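First up is the structure itself, then whatever we jot down about it.
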Amino acid sequence: MASIKVLVTGAAGQIAYSLLHSIAKGDVFGQDQTITLVMLDIPPMATVLKGVEMELEDCALPLLKEVISTTDYKEAFSDIDVAILVGAMPRREGMERKDLLKANAGIFQGQGKALDQYAKKSVKVLVVGNPANTNCLIASKCAPSIPKKNFSCLTRLDQNRAQSQVASRVGVAANSVCNVIIWGNHSSTQYPDVRHALVCTADGTVSPVPAVVKDDAWLNGDFITTVQKRGGAVIAARKLSSAMSAAKAIGDHVRDWWFGINNKVCCSGASKLWTSMGVYSDGSHYGIPEDIIYSFPVTIQNRDYTIVDGLEINDASRARMDETAKELVEERDAALQFLSSS
Ligand SMILES: NC(=O)c1ccc[n+]([C@@H]2O[C@H](COP(=O)([O-])OP(=O)(O)OC[C@H]3O[C@@H](n4cnc5c(N)ncnc54)[C@H](O)[C@@H]3O)[C@@H](O)[C@H]2O)c1
């Protein structure tokens, strides 16, 4: 099997510190896939990058063919099969949201152009750095030679959080809950939706989550706000943003995109399994506006996703789905305005 080249940006940061090891030991691309791992960060972090490179070497991992640490876009993006774009400008104290959008629009414009110029045309791109949906849109727009379908952003951490909340409420293992949906933006307007989710109970029966939880007030109230605000709760407790769980979610997202959704779980009784990914909206699904990156439920086959259509949407869901779409349209318009005026 040919070796693959995987780029991780923000490689000197805290998410990457968990993620790189997981990729290099075969958790994401399988136990028989050798890998060249390319690590990109900004020049002030070059020494830290070298330290991470030394540690990867010291792990003595058999699948790791080569490690390249660099601060140069051409070296980082050339001939890559997968790009995991974690690095982004963090929100500093006192920084306004529009300033964060502006700084990141500039970064992802540059990385989109580098993808366009240097990466394989089949490259799969996952954007993690926030604001993830809009950064992903900008990168895709700046890489017109790469299909839009090769770009996605991470909402799997939100899905994992939601799945875990339901599993602990019902008293089952996390992989006994499936088909949770995250709609929209990876922000506090996201809509974690369990109306179509399933749970496998101890006797092996597969039932709708609302029927097993039997507490609609919780599902429509505290459950949703807990998932929406979980990132903030982790920051408040740790004084750092989610890193271990983000790295785990990145691995889950990329592995499912590469191999298809793992159905060796209790929910194999479900007729159709889906997962949530932030993907390009062409305006033809669920009345969501076109030209934003919106998190939808998707199935995956041959490294290609398909948005799951036809799910019944009630009025309360509709309002939540529209609210998060509105935020994404505003983010997009602001980011594009910055780019056109710069
Ligand atoms: N989508 C999600 O679910 C999710 C979850 C958690 C965190 N995040 C986001 O992921 C990002 C990284 O988080 P972290 O905790 O690892 O942050 P971190 O600050 O520990 O690391 C970020 C790294 O990115 C680097 N960087 C900055 N600009 C860069 C550029 N232009 N090119 C390459 N590298 C660059 C920094 O030097 C730093 O080493 C943040 O934007 C965070 O908000 C997203």
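All values derive from a computational prediction rather than experimental measurement. Ligands are counted one by one from 1 in listed order, and the atoms in each one are counted from 1 as well.
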Can you tell me the protein heavy atom closest to [atom] and the distance?
| atom | value |
| --- | --- |
| atom 36 (C) of ligand 1 | Asp41 OD1, 3.4 Å |
| atom 27 (C) of ligand 1 | Ala88 O, 3.4 Å |
| atom 30 (C) of ligand 1 | Ile42 CG2, 3.6 Å |
| atom 41 (O) of ligand 1 | Asn130 N, 3.0 Å |

What are the atoms of ligand 1, with element, lying closer than 4.0 Å to any heavy atom of Ala12?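 This gives 39 (O) as the contact atoms.
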Going by the atom numbers of ligand 1, which of them fall below 4.0 Å from some non-hydrogen atom of Ser242?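 Counting from 1, the qualifying ligand atoms are 6 (C).
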Just to be sure I'm reading this right: ignoring hydrogens, which of [options] gets closest to [atom]? Compare them by their nearest heavy atoms.
| atom | options | answer |
| --- | --- | --- |
| atom 10 (O) of ligand 1 | Ile15, Leu126, Val8, Asp158 | Ile15 |
| atom 32 (N) of ligand 1 | His186, Gln111, Met45, His253 | Gln111 |
| atom 12 (C) of ligand 1 | Val86, Leu157, Thr9, Leu154 | Val86 |
| atom 44 (C) of ligand 1 | Leu49, Val128, Thr71, Leu85 | Val128 |

Over all heavy atoms of both residues, which pair between Ala167 and Ala174 is shortest? Give the atoms and the distance, please.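 The pair with the smallest heavy-atom distance is CB-CA, 3.7 Å.
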In plain terms, say whether Asp282 and Lys148 are close enough for a salt bridge, that is, a side-chain N and a carboxylate O under 4.0 Å apart.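 No.
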Between Lys50 and Glu53, is there a salt bridge with N-O shorter than 4.0 Å?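 Yes.
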Less than 3.5 Å apart, any donor N or O on the side chain of Gln159 or Thr275 sitting next to an acceptor on the other?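 Judged by distance alone, the side chains do pair up.
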Just grab all the side chain to side chain donor-acceptor pair (under 3.5 Å) pairs involving residues 31-42, residues at least two apart or on different chains.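 For residues 31-42, and leaving out neighbouring residues, the side chain to side chain donor-acceptor pair (under 3.5 Å) pairs sorted by first residue read Ser3-Thr34.
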Specify whether the nearest protein heavy atom to atom 15 (O) of ligand 1 is under 4.0 angstrom away.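 When distances to the protein are checked, atom 15 (O) of ligand 1 has a heavy atom within 4.0 Å.
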Does Lys120 have any salt bridge (charged side-chain N to carboxylate O under 4.0 Å, His left out) partners at least two apart in sequence or in another chain, and if so, which?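 If we apply the salt bridge (charged side-chain N to carboxylate O under 4.0 Å, His left out) test to Lys120, skipping adjacent residues, the hits are Asp81.
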Would you say that more than 12 heavy atoms from the other residues, nucleotides or ligands in this model lie under 6.0 Å from the NZ of Lys326, or not?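 Result for NZ/Lys326: open.
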In this structure, does ligand 1 have an atom that sits under 4.0 Å from one of the heavy atoms of Ala243?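 Judged by the 4.0 Å heavy-atom criterion, Ala243 does not count as contacting ligand 1.
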Can you find a non-hydrogen atom of Pro90 under 4.0 Å from ligand 1?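 The answer is no, since Pro90 has no heavy atom less than 4.0 Å from ligand 1.
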Pick one: which of Asp193, Asp158, Thr189 meets side chain to side chain donor-acceptor pair (under 3.5 Å) with Trp183?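 Output: one option passes, namely Asp193.
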